[in-house]
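Just so it is clear: chains get the letters A, B, ... in the order the sequence lines come, proteins before strands, and each one is counted from 1.
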2 protein chains.
Amino acid sequence: MSKLSYKYFVKALSNDTRLEIVHLLRAKPRCVSEICEELNLEQSRVSHNLKCLLNCGFVEAGRNGRKRVYSLNRNTILPLMEIIDKHIEKYYEHLVKCKVLKE
Amino acid sequence: MSKLSYKYFVKALSNDTRLEIVHLLRAKPRCVSEICEELNLEQSRVSHNLKCLLNCGFVEAGRNGRKRVYSLNRNTILPLMEIIDKHIEKYYEHLVKCKVLKE
DNA sequence: TTGACATATGATAAAATTATCATACATCAT
DNA sequence: ATGATGTATGATAATTTTATCATATGTCAA
């Protein structure tokens, strides 16, 4: 319940790969190879990042034959993203003016 | 409004220094030198990290003489932290069992 | 049981973040 | 104006995070 764990949970959502996975799973559950294909990412990369999301309870894993199916933990991650979205909506312009975002 | 900005906002909260600052400001606004003292951190480190929080709209800055006073943007960061707290409460045990947290 | 498919994992290289140092800038009191 | 105080900023070193590669593990079908 410490700041350490706080940071850990937040870090899980502060990475492109993991955010892409989360966004993809928003629509429906998928197995690892599907995630790889749809996001055009390497398998080990996806697995490593899924593990992080799993550890933090942001996704859950089931099984379908030899496939491991991952789905969002909708109870927690969706409301969380909603709040962040709202904040971003309000402050995006501000952030852009500060020219902090590159790319 | 892209994933890039999303990541940027979340990253602002995924760092020990910035989280400590945010937690400190929860009680009341403070100037840079006060933050340094209370958290026992170097001044430039605090300033750099405050800038990040400022860019993202998580804190606001005023002035009092030659002191620059920072305060929390309570509208957005407090509800956000509340949700994260709730999630952590639920999943902390799980996370510990996975032995992901070191220290 | 063997081979093929699906995923996980450990080690390390590559990339990104962070802290630190030196110094610049800004404000106030004299 | 000058010095003292308070804060910001740029460059780079130190640290952390991430991706990649090689390989291990697990599951199923034959």
Side-chain angles (χ1 to χ4, degrees), chain A residues 3-22 24-25 29-56 58-71 98-103, chain B residues 3-22 24-25 29-56 58-71 98-103:
Chain A
K3 280 172 207 160
L4 175 62
S5 66
Y6 194 96
K7 182 184 67 171
Y8 195 83
F9 280 97
V10 179
K11 259 191 205 305
L13 296 177
S14 67
N15 162 285
D16 282 332
T17 305
R18 291 192 289 275
L19 278 174
E20 285 199 77
I21 292 174
V22 165
L24 185 67
L25 294 182
R30 311 187 191 231
C31 66
V32 177
S33 51
E34 284 172 330
I35 297 174
C36 292
E37 265 184 47
E38 301 197 40
L39 298 180
N40 194 29
L41 297 174
E42 268 201 310
Q43 180 267 314
S44 67
R45 181 172 168 186
V46 169
S47 282
H48 277 300
N49 282 291
L50 277 170
K51 187 175 188 189
C52 170
L53 290 170
L54 190 64
N55 283 334
C56 289
F58 290 131
V59 304
E60 290 152 352
R63 185 173 278 289
N64 176 9
R66 36 189 140 177
K67 294 184 177 174
R68 184 156 284 266
V69 179
Y70 287 88
S71 55
C98 293
K99 290 177 188 169
V100 177
L101 295 178
K102 327 132 195 178
E103 275 183 29
Chain B
K3 279 171 207 159
L4 175 61
S5 66
Y6 194 97
K7 180 184 71 170
Y8 194 83
F9 279 97
V10 178
K11 258 193 207 304
L13 297 176
S14 68
N15 162 285
D16 282 331
T17 304
R18 291 191 291 274
L19 279 174
E20 286 198 78
I21 292 175
V22 165
L24 185 66
L25 294 181
R30 309 184 193 232
C31 66
V32 177
S33 52
E34 283 172 332
I35 298 174
C36 292
E37 266 185 46
E38 300 197 41
L39 298 180
N40 195 29
L41 297 175
E42 266 201 311
Q43 181 266 314
S44 67
R45 179 171 169 186
V46 169
S47 282
H48 277 300
N49 282 291
L50 277 170
K51 186 176 190 190
C52 170
L53 290 170
L54 190 64
N55 283 334
C56 289
F58 290 131
V59 304
E60 291 152 351
R63 184 174 280 288
N64 176 8
R66 36 190 139 179
K67 295 185 178 176
R68 183 155 284 266
V69 180
Y70 286 88
S71 56
C98 294
K99 288 176 189 168
V100 177
L101 296 177
K102 325 134 196 176
E103 275 181 28

Find which nucleotide of DNA chain D each of A:Lys11 and B:Glu34 is nearest to by heavy atoms, and output the residue with the more 5' nucleotide. B:Glu34
Separation of D:dG10 atom C1' from B:Lys51 atom NZ, nearest Å, is 10 Å
Any chance CD of A:Glu37 has more than 12 other-residue heavy atoms, nucleotides or ligands included, within less than 6.0 Å? no
Relative to the 5' end of DNA chain C, which residue comes earlier, B:Ser14 or A:Arg68, by the nucleotide with the nearest heavy atom? A:Arg68
To the nearest angstrom, how far is A:Asn64 atom CG from C:dC5 atom C1'? 14 Å
Touch check for B:Arg45, heavy atoms < 4.0 angstrom, all strands: base, sugar-phosphate only, or nothing? base
Between the base of C:dT9 and the ring of A:His48 - centre-to-centre under 5.5 Å, planes within under 30° - is that a stack? yes
Nucleotide nearest B:Thr17 (side chain, heavy atoms from C-beta), chosen from C:dC21, C:dA19, C:dT27: C:dA19
Go through D:dT9, C:dT7, D:dT18 for me and flag the one nearest to the A:Asn15 side chain. D:dT18
Nearest listed nucleotide, side chain of A:Asn49, among D:dG6, C:dA19, D:dA19: D:dA19
Listed nucleotide nearest any side-chain atom of A:Val32, set C:dC28, D:dC21, C:dT7: C:dT7
Nearest-neighbour nucleotide for the A:Arg66 side chain, D:dT5, D:dC21, C:dA6 considered: C:dA6
Give B:Ser47 one of three labels, base, sugar-phosphate or nothing, depending on what nucleic acid heavy atoms sit under 4.0 Å from its own. base
Rounded to whole Å, CG of A:Leu50 lies from P of C:dT7 at a distance of 10 Å
Looking only at atom types and distance, does a side-chain atom of B:Arg30 sit under 3.5 Å from a main-chain N or O of B:Ile35, one as donor and one as acceptor? no
Integer-rounded Å distance: C:dA26 C1' and B:Lys67 NZ: 15 Å
